[in-house]
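Here's the structure we're looking at; comments come further down.
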Amino acid sequence: MRDFKSVMTENGKGKFYLFTELCKGCGLCIEKCPKHTIGWSERVGIYGAPTVEPGHGEEDCIACKTCQTVCPDCAIMIEKIK
Amino acid sequence: MRDFKSVMTENGKGKFYLFTELCKGCGLCIEKCPKHTIGWSERVGIYGAPTVEPGHGEEDCIACKTCQTVCPDCAIMIEKIK
Amino acid sequence: MAVEFNNVAPAMPACWRKETKTHKFCPGCGHGIVLKALGEAIDELGIQDKVIFSVDIGCCLLAIDFFNCDTVQTHHGRTNAVCAGVKRATPDKIVIAYMGDGGGYAIGSQHLVNCAARNEKITSILVNNTNYGMTGGQMAPTTLPGQKTETSPYGRSVEQQGEPTHGPEMVAAMAGQGAYVARGTVAKPKQLKNYLKKALQAQLNGSGFSFVEALSTCPTNWATNAQKTWAFLENEMQAEYPVGEFKVPEEGGQTK
Amino acid sequence: MAVEFNNVAPAMPACWRKETKTHKFCPGCGHGIVLKALGEAIDELGIQDKVIFSVDIGCCLLAIDFFNCDTVQTHHGRTNAVCAGVKRATPDKIVIAYMGDGGGYAIGSQHLVNCAARNEKITSILVNNTNYGMTGGQMAPTTLPGQKTETSPYGRSVEQQGEPTHGPEMVAAMAGQGAYVARGTVAKPKQLKNYLKKALQAQLNGSGFSFVEALSTCPTNWATNAQKTWAFLENEMQAEYPVGEFKVPEEGGQTK
Amino acid sequence: MSDLKRIMLAGEGGQGVQSVAAILSEASYKTGKQVMYIPNFGVEQRGGVSVAFMQISSEAIGSPKFDNADLIVALSDRAVSRVKMYVNPNTIYVYDANISEEARTHLPKADEVAKIVEIPAHEIANTELHVRVFNVIIMGAVLGLTDMVSIDVIKEALEHKFAKKFEANPALRDMNYTALEKGMSLVR
Amino acid sequence: MSDLKRIMLAGEGGQGVQSVAAILSEASYKTGKQVMYIPNFGVEQRGGVSVAFMQISSEAIGSPKFDNADLIVALSDRAVSRVKMYVNPNTIYVYDANISEEARTHLPKADEVAKIVEIPAHEIANTELHVRVFNVIIMGAVLGLTDMVSIDVIKEALEHKFAKKFEANPALRDMNYTALEKGMSLVR
Amino acid sequence: MATKPIEKDTNVFVTGNEVVAWAALAADAKIMYGYPITPQNEIMHYWTRLAPKHDRNFLQTEDELSAGFTTCGGVLTGTRAFTATAGPGTVLMQEPLTMAEMMRIPIVVVVQQRGGPSTATVIYSQQEVTMCCYGGNGEGFRVVYSTSGHQDLYDYTIKAFNTAWKYSVPTIVLGDGYQAKMREAVTMYDPASRGIVMEETKPYVGAPGKPGVDRDPSFFKNTYNTEEELLDVVNDLKDHYDSFKDEITEYEEAFTDDAEIIVVGHGVVSRACKEAVKNLRKDGYKVGYFRPITLRPFPGKQLAAAVAGKQNILVVESALGQMKRFITEDLYGLTVPITGYFKPGKGVSSDELVDKVKSMMK
Amino acid sequence: MATKPIEKDTNVFVTGNEVVAWAALAADAKIMYGYPITPQNEIMHYWTRLAPKHDRNFLQTEDELSAGFTTCGGVLTGTRAFTATAGPGTVLMQEPLTMAEMMRIPIVVVVQQRGGPSTATVIYSQQEVTMCCYGGNGEGFRVVYSTSGHQDLYDYTIKAFNTAWKYSVPTIVLGDGYQAKMREAVTMYDPASRGIVMEETKPYVGAPGKPGVDRDPSFFKNTYNTEEELLDVVNDLKDHYDSFKDEITEYEEAFTDDAEIIVVGHGVVSRACKEAVKNLRKDGYKVGYFRPITLRPFPGKQLAAAVAGKQNILVVESALGQMKRFITEDLYGLTVPITGYFKPGKGVSSDELVDKVKSMMK
Ligand SMILES: Cc1ncc(C[n+]2csc(CCOP(=O)(O)OP(=O)(O)O)c2C)c(N)n1
Ligand SMILES: Cc1ncc(C[n+]2csc(CCOP(=O)(O)OP(=O)(O)O)c2C)c(N)n1
Ligand code: SF4
Ligand code: SF4
Ligand code: SF4
Ligand code: SF4
């Protein structure tokens, strides 16, 4: 089974895993985050476009997983911080 | 314009014209006549099958034109007898 | 008391082409009644010189020289497409597509559905005889449950072959504003003529797609005598297929 | 505080084929969301080993190796037909047809309509992105009124090109007892997953044809950024195309 | 050459030439002959001339259709026109007396064929027997002019085909047999 | 033979090789040359390697594609693989320094081509100038290695294409010109 | 389970369409997909009557595109499946046939030719030859058996299934309206009684096991991204086709040795040719007969050998030289003159061929 | 009314698809019917942008069957109409093309070939040659112009309309994905400026007057009842085709006189052939070049004259010998050896042909 590289960012209630080999930088997640915490990262993704990370807004992640749900590429995984 | 041969039978309120070159002997008219006056004639039609004529039932033609209306071949024409 | 005449004219619609009568349909075939109703509608609207008539492959092909109207035979199922092409090129013509249930609901259903969706300003007339007549009586989309045909010799099974296709209902679900959709029957020729007239009127008004299904008879392939022919049409078919109007344009040309 | 990992598994459906990810759809394309919902539905029903997946020509062809399920690419518009053929030969398989709006409502509409009419026991999923994606953004049957595409450069004109096709409504009008018909949207992935699950369940029950249209995004051909992408989907598309269920089989397998 | 016989029957839709051909060809197949029977068919189910082409031989049979018929039976005006191109000097030509004067002008001259026979099959059926056995008379005529199969074999075939009807109504059997023999006698 | 030049540009979808080729080929067409430009295209709109084939000559041009390129520009790992079969001893080979170690093993050896040049276009664009002018640097490099058209013609073309943008933001014009010249200098 | 539809040899006098239905049953075809068209309808009529008694299936589709594609679908599951069509239906069938060529799907299609172009007649022709062999946007990777009568229809319908499944190639049984509608004698048999083993069918999709776990999933595609990929694919298809083509090429010849003229015809026309040649021989004419049975692959080598040094090749077709094009393709380089006798859409009789040959030999 | 879309000569650097759209405008085509398929899409893209400005129409249909049949419908009214397609679309287009052949409907179809069989590639091939010339259930009563570049696309698109309407024959402009997508220079002109008079179109249906009163109604059919009728119809079609075929046959040749090898290629491949021949000539090789422009009718006589007495004919195609079949058909009887150089679905470069010829002349 294939492995994927990920970058984990802790922010608020969630561990935000971003899989750079999966993220195409479409930005759909950014628009859907209820807390407006997702923004562009310095890291580039599979197509050379920037990937995303949390921590860009005024509020923190609440681990609602909306971003994970809407990402067409399964490039985000949220782990609730208990 | 082409002419057609017809046979006219007076029966009740109608002059019943039957066009032998048009009638295929399907019998649809027989079934629809409200007075059950139509029946098979001795004359054969275009396909060699018997044609129809009024005067076969207990009642006479009332010139309702139902037979004319349902004939798929325009083989019947009813003229009201005034 | 039978008198013979040579010069009495039969009560044919004026636009029927006398030279080609008796027509080629089988004895008792409902096509003749539909085409009489259509002929009367054309006469009453006075549009004979504007009509371009187009027949599908199916029994309708026997109507290639039926009217004194320019007529085109197309391929099986393609008549709506050809007519859409004609109308788009010459919008001032009255374009009539004439087809069977196989042509309209099976092989040509993409054209019917999309003509409806695009609201092509043509009049499409479909003769529903519950089977494929021209090819000798196979099952059609319209074959009734339990009905025996050459390819449903043990009767149409709803489980295996589905419910009969209700065409006008489908077309009405697809067609836009201004469309006219109805189902008539050759058992009621006057009503049928009225539906056809309204359909043609919708085209004359340019309001939208017009579609009339005509329930019809096929004694040859049903193997019925006159009595059973009417019975099958009026009892069994009309029970499955409600006669009536499904979509009518408003006065202004919009569909209610 | 970013930590890198090599061994954390992404939250992918179990039946997604990891080796072929990232998949080939464009950035922001809704196909990924639909296929995630489908993958989850397959996982939850535990049917991965029974599924035969079949993709149309259109952007869907990019899903040829998407799942760890046997997959067949067909021709443009022909996927429902191929799937009907598969299912008739092996009724114990779960057969899924996956297509775009052009494939389903235009070139393949005769297959869709007649699969519905015959109540073929397959699941047909149609991704509505309001255009022909694979060929570069031409008008589709689903293009919205006024919407600009490569072949409606001045905006779709309802007068010329008709109203957008409402597929599930048409399919619901055609399909018989036991069919399942719904429209979901990638803006509501969970609801979409539920619809897909119910559709597959209908197939598992053998109750009838199941059809789900998914409203989806196409930022490449819409030329939209993320914000406008969502806006077009959630405002304009959802206004034209109501999301919901159109036909649901009853407990016993009959359609309410 | 061989003993190949090429037979052509032509009539109106209702005259039953195809059932005559079907019974004759099936029967002679059963006697061990090589037989080929092909109906003429077209787009119209009704309304066209109905033509049956038959070939019987002890050798393998070539093309299903042929240009020159050894025996032609024409039963209507339109049939007379339709068979014209198949007539040749060896043809035995049979036609029903019921055809029109117009049609008679299209008949081959006596010296253009081997033999030409008029049979009043139509009349006999309508007056002496019954319309329904018209085609059985024709069958008899064909039998009378060819040695394709014995009359007993045909009787058996009829017996087989109409088993139930004959049982219900034995007079029907008699009528059929009479028609058959009548047909044979007409051409003798 | 003739003065025919065959140029191949290959990169990732976002790297803009098609617009480089379009501007260059249109510009040299305008100077009276015979020009042929054909993009590589496939079923995928995104995600494939993007390749542009260009030919410039004073004579009529043959087939739109060719087997041997006179100038190859490869801008990504996948591009390096994709262009391999077009390399020949006369090729001038340019690649971006940004490619991986893996990809470097697929580069032609110095003695297999006429010339091989590494250019840090990616880096320069990202650090000195702007990602968006990456392809203008490449355009400059192509100009520097061919005499297909003068730099002024290209400037004019850019002027024409970005008229509004340059007007709104004259700094943009400068950046583009700088990128172009930078590109030329990289290959000198 | 149902017993074998045909246990012991049965001699019957039936139509060709009935023969095809029985042959498909005997060949253990499990399902027929089809759309009505004259003159193939009765194949479906018989099949629908017989199928339930022998546990077989039938699906009447909405058109021939669907008939072809459903057949592809059925076959992909490893089910022996077939369809039948004619004329404009064969035109539409080209789309699924190209998919079958590309993906090596062993569909069997029975084509009962009728007149063309367009709707034309429902009767007869040999005008679907080019289309059956090379129709669609490809290179004709199909097998086409041209039958000449009922025994052929029986034998080659059975054989078609085996060729298709053995070599993974779409296979066409080419008949015509005459054969479809005529009645003649035929011997039906259980293939096993002739030592014919039906090739095992293999599932392309839906094999046992969980894909990705127990086995790799199977992905069947027909789309490629680059020219280079496609060139390889088409060359592979060609190599594959070439690898079996000699093995399956079939033809029949008679009286060729000392002949001056060789009469070449296929399908039902070959019967007129053979009869004419026999009759001419009786009259002392040195005439030979050659009949390609496979039209694709075409028995070009064998024909070349048969015509070497002859005075003329008389090519007879109920078409405007569609087979002749295959002959000149394979015989190019020879100088034996070729004479065409072409009756597009119309039958050919032995009598007219006798006349023709006599006029050539005068 | 709109002015002429092109008044005076205009030199532009554009894609082939754009060229076709402009040519159809210049030819005064009134309506395009079409369904999207790569690589012809941009014809529609340009047409839909230009059409309203010049009072022209467009209908996007539901598939290629409809595109073909709507085009037939439009043409029947006497309207200059066309469609464009490729690959699997061309397969479907065979059905309407057979109707057009039978009923002599002058539709114009632009085909931008792509790889086959099946969906294959969207890029390029010459694999639609057999299908364009002889597809469907008929005898190929069509005219096919094979273009080699933008000037051809412009010239022959205009000419196609005139051929179609002058001879009442469906006419195909055969391009390919390369030509569709590449950019090169082309001179667009008003046909009148070149002395080209656009043939008058005539209405097949809908002419003035009340049918049956002022004039006879017109009945256009494609179905016949008997074999004999059909034979006459097809023979008429053939006679009609033969009556104009010499007149419209086109080809190009160069360096053939003293050549030892003649390189034959059509379409865009002919450019590689020509370039290769030119380069070989510079190196002193005696090589000639022949390019059929009409593939149907095929310039067989002219090719036969060009190759007489040569050492070899090198046939080059991006297909598996589809054109070669036409060559052997027309050249049968000659003994000049034919060598095939076939790259199905893949482009051919002049360099490889130079190598090939050199290896043959060693
Ligand atoms: C492509 C194609 N497929 C099949 C046929 C054969 N065909 C001719 S008519 C017909 C059926 C006609 O049935 P329907 O449309 O219901 O009309 P009807 O004859 O019953 O009036 C068929 C299948 C054909 N001509 N073309
Ligand atoms: C017969 C045929 N016609 C046309 C095409 C070209 N074609 C490929 S994909 C496509 C459109 C796909 O649009 P849609 O079905 O809406 O799917 P999307 O790509 O938008 O997901 C077309 C027209 C084809 N492959 N085959
Ligand atoms: S989990 Fe919810 S809150 Fe957290 S980043 Fe994702 S969308 Fe935003
Ligand atoms: S939605 Fe997914 S692919 Fe798109 S930017 Fe977010 S993480 Fe990346
Ligand atoms: S007019 Fe009416 S009453 Fe008279 S015969 Fe006809 S149907 Fe009967
Ligand atoms: S008059 Fe008309 S309806 Fe009555 S039997 Fe004759 S054809 Fe039929």
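- G:Asn225 touches chain H through its backbone: at least one of N, CA, C or O sits under 4.5 Å from a heavy atom, while the side chain does not.
- For H:Lys221, no part sits under 4.5 Å from any heavy atom of chain G, backbone or side chain.
- For H:Thr130, the part sitting under 4.5 Å from any heavy atom of chain G is the side chain, from C-beta outward, and nothing else.
- Here H:Ser118 contributes atom OG and G:Met103 contributes atom CE; the two are 7.0 Å apart, rounded to the nearest 0.5 Å.
- Only the side chain of G:Ile123 comes within contact range of chain H, with at least one heavy atom under 4.5 Å from a heavy atom of that chain.
- Looking at G:Ala100, there are no atoms closer than 4.5 Å to chain H (heavy atoms on both sides), in backbone or side chain.
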Apply side chain to side chain contact (heavy atoms under 4.5 Å, CB included) to G:Thr226 and H:Thr121, showing your working. CA-CA 7 Å; G:Thr226 66; H:Thr121 64; over 6 Å; no
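- Highest contact tally toward chain H, considering only G:Val234, G:Asn222, G:Thr335, is held by G:Asn222 [criterion: heavy-atom pairs under 4.5 Å].
- The CD atom of G:Glu95 sits 8.0 Å away from atom CD of H:Glu64, with the distance rounded to the nearest 0.5 Å.
- Contacts of G:Leu331 with chain H are made by both backbone and side-chain atoms, with heavy-atom separations under 4.5 Å.
- Using a 4.5 Å cut-off between heavy atoms, H:Glu228 touches chain G through backbone and side chain atoms alike.
- Contacts of G:Tyr124 with chain H are made by side-chain atoms alone, with heavy-atom separations under 4.5 Å and no backbone atom involved.
- Of the possible donor and acceptor atoms, none in the side chain of H:Glu329 sits under 3.5 Å from a partner among the backbone N and O of G:Thr328.
- At least one side-chain heavy atom of G:Leu320 sits under 4.5 Å from a side-chain heavy atom of H:Lys238.
- A donor-acceptor pair under 3.5 Å is absent between the side-chain atoms of H:Tyr224 and the main chain of G:Thr119, judged by distance alone.
- In this structure, no portion of G:Gln113 lies under 4.5 Å from any heavy atom of chain H.
- Pairing each heavy atom of H:Ala120 with each of G:Leu230, the nearest pair is CB-CD1, 4.0 Å.
- No other option in H:Ile327, H:Thr90, H:Leu92 has as many heavy-atom pairs under 4.5 Å with chain G as H:Leu92.
- Counting only heavy atoms from C-beta outward, the side chains of H:Pro117 and G:Glu139 never approach each other to under 4.5 Å.
- Of the possible polar contacts, one joining the H:Gln322 side chain to the G:Gly138 backbone as a donor-acceptor pair under 3.5 Å is found.
- Among the candidates G:Val336, G:Leu97, G:Val122, G:Leu65, the residue making the largest number of heavy-atom pairs closer than 4.5 Å to chain H is G:Val336.
- H:Gln94 and G:Gln94 form no side-chain donor-acceptor contact under 3.5 Å, judged by distance and modelled atom types alone.
- Between the OH atom of H:Tyr134 and the CE atom of G:Met131 there is a distance of 15.0 Å, given to the nearest 0.5 Å.
- Taken from NZ in G:Lys343 to CG in H:Leu231, the straight-line distance is 6.5 Å, to the nearest 0.5 Å.
- A heavy-atom distance below 4.5 Å is not found between the side chains of H:Asn137 and G:Gln127.
- G:Val233 does not touch chain H: none of its heavy atoms, backbone or side chain, sits under 4.5 Å away.
- The greatest number of non-hydrogen atom pairs below 4.5 Å with chain G, out of H:Gly333, H:Gly135, H:Pro344, H:Ser125, is found for H:Pro344.
- Here the side chains of H:Tyr332 and G:Arg325 are not in contact, with every heavy-atom distance at 4.5 Å or above.
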